[in-house]
Amino acid sequence: MSEKKKRAPLDVVFGQLTPKNLEQVRLLNEHILPVKYDNKFYQSLLIDTSLTQLAYFNDVLVGAVCCRLEQAKGGPVKMYIMTLGVLSKYRKAGIGRKLLEYVLGGTDGILGAHPEVQEVYLHVQVNNDAALEFYKKFNFTNEETIKDYYKRIEPRDCYKLARRGPPLTTK
């Protein structure tokens, strides 16, 4: 039985999205995510840059989380984690955890600025065991399996993971 080794924390600097680093986010996502996003997706991130957090190591973008707020007519406000990823070379160093904590973290995080949010959710490909384990540590639960969610990648099915509150924050 082998245990996964955790790396020593890296000296990571966190920053906000700007029009000048938007292309870096696109390149990062193309490298680490199986889904390819169009230019409209990236332009939409600039509408509210506080919903995106970037992680840099030695001035190189190594991770990012991108969210959006949603509200169906008359329904609760939800936060959708559209993307969260870290370059493979920098995984197991706590960067993904810190990015998710930025989303969930009390007054310093996204949820602190949006106390009206009643649910945080995301989609994970059914074969992504590492992501499922990661989100489970943050009390996300598997709400449902969505068949044929992905159109251009295999497997096409995903899980909808959610975390409901209150409290939603980790602090």
Enclosure of Lys136 NZ (heavy-atom neighbours >12, cutoff 6.0 Å): no
If you draw a 6.0 Å radius around NZ in Lys40, do more than 12 non-hydrogen atoms from other residues or ligands fall strictly inside? no
With sequence neighbours left out, write down each residue that passes side-chain hydrogen bond (donor to acceptor under 3.5 Å, both in side chains) with [X], or none if nothing qualifies.
| X | value |
| --- | --- |
| Glu133 | none |
| Tyr150 | none |
| Asn128 | none |
| Thr145 | none |

Check whether any side-chain N or O of [X] sits under 3.5 Å from a backbone N or O of [Y] as a donor-acceptor pair, and report yes or no.
| X | Y | value |
| --- | --- | --- |
| Asn21 | Gln16 | yes |
| Asp48 | Ser50 | yes |
| Gln125 | Pro155 | yes |
| Arg156 | Lys147 | no |
| Asp157 | Asp148 | yes |
| Arg26 | Tyr42 | no |

Out of curiosity, [X] [atom1] to [Y] [atom2], how far, rounded to the nearest 0.5 Å?
| X | Y | atom1 | atom2 | result |
| --- | --- | --- | --- | --- |
| Gln71 | Glu116 | CD | CD | 8.0 Å |
| Tyr90 | Ile95 | OH | CD1 | 8.0 Å |
| Leu132 | Leu161 | CG | CG | 6.0 Å |
| Arg97 | Leu100 | CZ | CG | 10.0 Å |
| Leu22 | Thr49 | CG | OG1 | 11.0 Å |
| Met79 | Leu69 | CE | CG | 5.0 Å |

[X] versus [Y], closest heavy-atom pair with distance:
| X | Y | answer |
| --- | --- | --- |
| Lys36 | Leu33 | NZ-O, 3.6 Å |
| Val25 | Cys66 | CG1-SG, 4.3 Å |
| Cys67 | Val103 | SG-CG2, 3.8 Å |
| Leu99 | Ala55 | CD2-CB, 4.3 Å |

Begin from the C-alpha positions of Leu28 and Ile32 and carry the test side chain to side chain contact (heavy atoms under 4.5 Å, CB included) through to its verdict. CA-CA 6 Å; Leu28 175 79; Ile32 61 177; 3.9 Å; yes
From Ile110, Val65, Val124, residue fulfilling side-chain contact (heavy atoms from CB on, under 4.5 Å) relative to Ile81: Val65
Does a donor on one side chain sit under 3.5 Å from an acceptor on the other, for Thr141 and Glu143? yes
Determine, using the 4.5 Å side-chain heavy-atom cutoff (strictly less than), whether Leu27 and Leu17 are members of one ILVMFWY cluster. no
Aromatic plane relationship, Tyr135 with Phe140 - under 30° parallel, 30 to 60° tilted, over 60° perpendicular: perpendicular
Pairs where residues 12-38 contributes a residue and the test ring pair (Phe, Tyr, Trp, His ring centres under 6.0 Å) is met, not counting sequence neighbours: Tyr37-Phe41
Would you mind reporting whether [Y] and [X] have side-chain heavy atoms less than 4.5 Å apart?
| X | Y | value |
| --- | --- | --- |
| Lys89 | Val62 | no |
| Leu51 | His114 | yes |
| Thr52 | Leu54 | yes |

Worked verdict on Leu122 versus Leu84 for side chain to side chain contact (heavy atoms under 4.5 Å, CB included): CA-CA 10 Å; Leu122 59 123; Leu84 188 153; over 6 Å; no
For residues 50-68, which residue pairs pass the salt bridge (Lys or Arg N to Asp or Glu O under 4.0 Å) check, not counting sequence neighbours? Arg68-Glu70
Using the side chain to side chain contact (heavy atoms under 4.5 Å, CB included) rule, take Gln118 and Lys78 through it: C-alpha gap first, then chi angles, then the decisive distance, then the call. CA-CA 6 Å; Gln118 295 180 26; Lys78 299 178 182 184; over 6 Å; no
Run Tyr80 and Glu119 through side chain to side chain contact (heavy atoms under 4.5 Å, CB included) and show every step you take. CA-CA 8 Å; Tyr80 178 50; Glu119 176 183 329; over 6 Å; no
Suppose we call two aromatic rings close when their centres sit under 6.0 Å apart. Are Tyr159 and His123 close by that rule? no
